[in-house]
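See structure below.
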2 protein chains.
Amino acid sequence: MEPTTENEAELLAADAIGDVIEHWGFRKALGRTWTMLYLHGDALPAAELGERLQMSAGAVSTTLTELQRWGVVRKVWIPGERRDFFEAETDFWKMISKVVHERERFLAVSVRERLGRAQAVLKRTGSGAASRARIERLGRLMNFATMAETVIESFLASRRVDFGEFGNLLALGRQVTAAAAGKGRKG
Amino acid sequence: MEPTTENEAELLAADAIGDVIEHWGFRKALGRTWTMLYLHGDALPAAELGERLQMSAGAVSTTLTELQRWGVVRKVWIPGERRDFFEAETDFWKMISKVVHERERFLAVSVRERLGRAQAVLKRTGSGAASRARIERLGRLMNFATMAETVIESFLASRRVDFGEFGNLLALGRQVTAAAAGKGRKG
DNA sequence: CTGAACTTTCAGAAACTTCTGAAAGCTCAA
DNA sequence: TTGAGCTTTCAGAAGTTTCTGAAAGTTCAG
């Protein structure tokens, strides 16, 4: 395929989104590939993605596998076609909530556990005012971690809201607010 | 300094927060160093941080410089001391809003500009239904980017609220909601 | 001034991530 | 059952980030 102006425009957009995605800690290739599929609309075979994005077959394969693991790209069956075709998930909100959820859950557990262990050690061995103050600060850190987790979780819980219209942001605001405030009072 | 149980506990916590920070796209050393300072409470000299965290003088220096640039660690003057001492910012909310703001602003501008350029190219050269559909999808992507930016911005705008108490989350919710809805109606 | 104390900078080392291209592994039509 | 077509895997290459340790720079007491 010779380069066309349309392809240039797609690459421009794909690279821009690629940078955003990279900025948030993923591989640039993930953002580029999703964007190319999203803009194209129709499903594309892996080889064509490789051509359009100048990626090797290997890179395309691992990237598509990862995008599917995140649930933001789907394999589609095209009758009469031997090759696999891929299409982008187009519901931004669904994508974000999936990714954030997946991404935070593991870490949150591990962090809570480790901070708790540190606190136990300090409580067991520490004495004196300085030690008490340190335990207090660690406690505040743990509270903050819990609160951040709660804010993220309730943000995600609102995924049932349809985000097609801006107006629905009102519903999100209410949900985040209520969930966070409720948990906070308990903690 | 021989390793103590207290130091072990501090390291445990520092490494946990270090992982969170790394997860969000910063160097692990930034999170470890901030946490060590935060838990210690009193300001510490660079050399002691190096000992406690097992970092070279060079690494400590660049890490402290970067933490100061983010505004989450301060140099403090201790009378009669020749060395610089450093202490952690303890206001979590202040830290987050500073960091997120700084981090998003540049990228947001660049991305808007590039998506706009891509759209211009498509509008100029495209024709036919497929092309119109592509332009439409790019438009949706741009709208979404604007909305995400708005949500982040209004989240940041609420930094004036005191976050010491969970109850104040209510105020945040209201602010995010109002700002995002207002902007959305215009767009 | 001078030298001691301390900090910053920087070149090269080490560690880590991501990519390429080829080989191995599927799957299906004939 | 074979082989063509396609995908996945993987070893090594390339690229990137971060660290170390030493040299250069800065500051200040005497």
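Proteins get letters first, then strands, A, B, ... in listed order; numbering begins at 1 in each. These values consider heavy atoms only, across backbone and side chains, with no hydrogens, waters or symmetry-generated copies.
When ring centroids are compared, B:Phe85 and B:Trp77 stay outside the 6.0 Å threshold.
Each of A:Ala59 and B:Phe86 has a nearest nucleotide on DNA chain C; the 5'-most of these lies closest to B:Phe86.
Taking the ring centre of B:Trp24 as origin, the terminal cationic atom of A:Arg103 falls inside the region bounded by 6.0 Å and 45° from the ring axis.
Taking every nucleotide of DNA chain D with any atom under 4.0 Å from a non-hydrogen atom of chain B, the first and last of them, 5' to 3', are D:dT18 to D:dC28.
The CG atom of B:Leu49 sits 15 Å away from the C1' atom of C:dC6 (whole-angstrom rounding). Between B:Leu67 atom CG and C:dT7 atom P there is a gap of 16 Å when expressed in whole angstrom units. Rounded to whole angstrom, the span from the CG atom of B:Leu64 across to the P atom of C:dT8 amounts to 8 Å.
Using a 4.0 Å cut-off between charged side-chain N and carboxylate O, A:Arg27 and A:Glu22 make no salt bridge. By the 4.0 Å N-to-carboxylate-O rule, A:Glu6 lies close enough to B:Arg134 to be salt-bridged with it.
Remark: side-chain polar atoms of B:Trp34 are paired, donor with acceptor, to backbone N or O of B:Glu89 under 3.5 angstrom. Of the possible donor and acceptor atoms, one in the side chain of B:Thr62 sits under 3.5 Å from a partner among the backbone N and O of B:Ala59.
Contacts of B:Arg82 with the nucleic acid, taken as non-hydrogen atoms under 4.0 Å apart, include base atoms.
For B:Leu115 against A:Ala16, the heavy-atom pair with the smallest separation is CD2-CB, 4.2 Å.
Contact of the A:Asp19 side chain with the A:Lys28 side chain is registered, since non-hydrogen atoms from C-beta on lie closer than 4.5 Å.
Against DNA chain C, the stretch residues 13-36 of chain A makes heavy-atom approaches under 4.0 Å through A:Arg27, A:Ala29.
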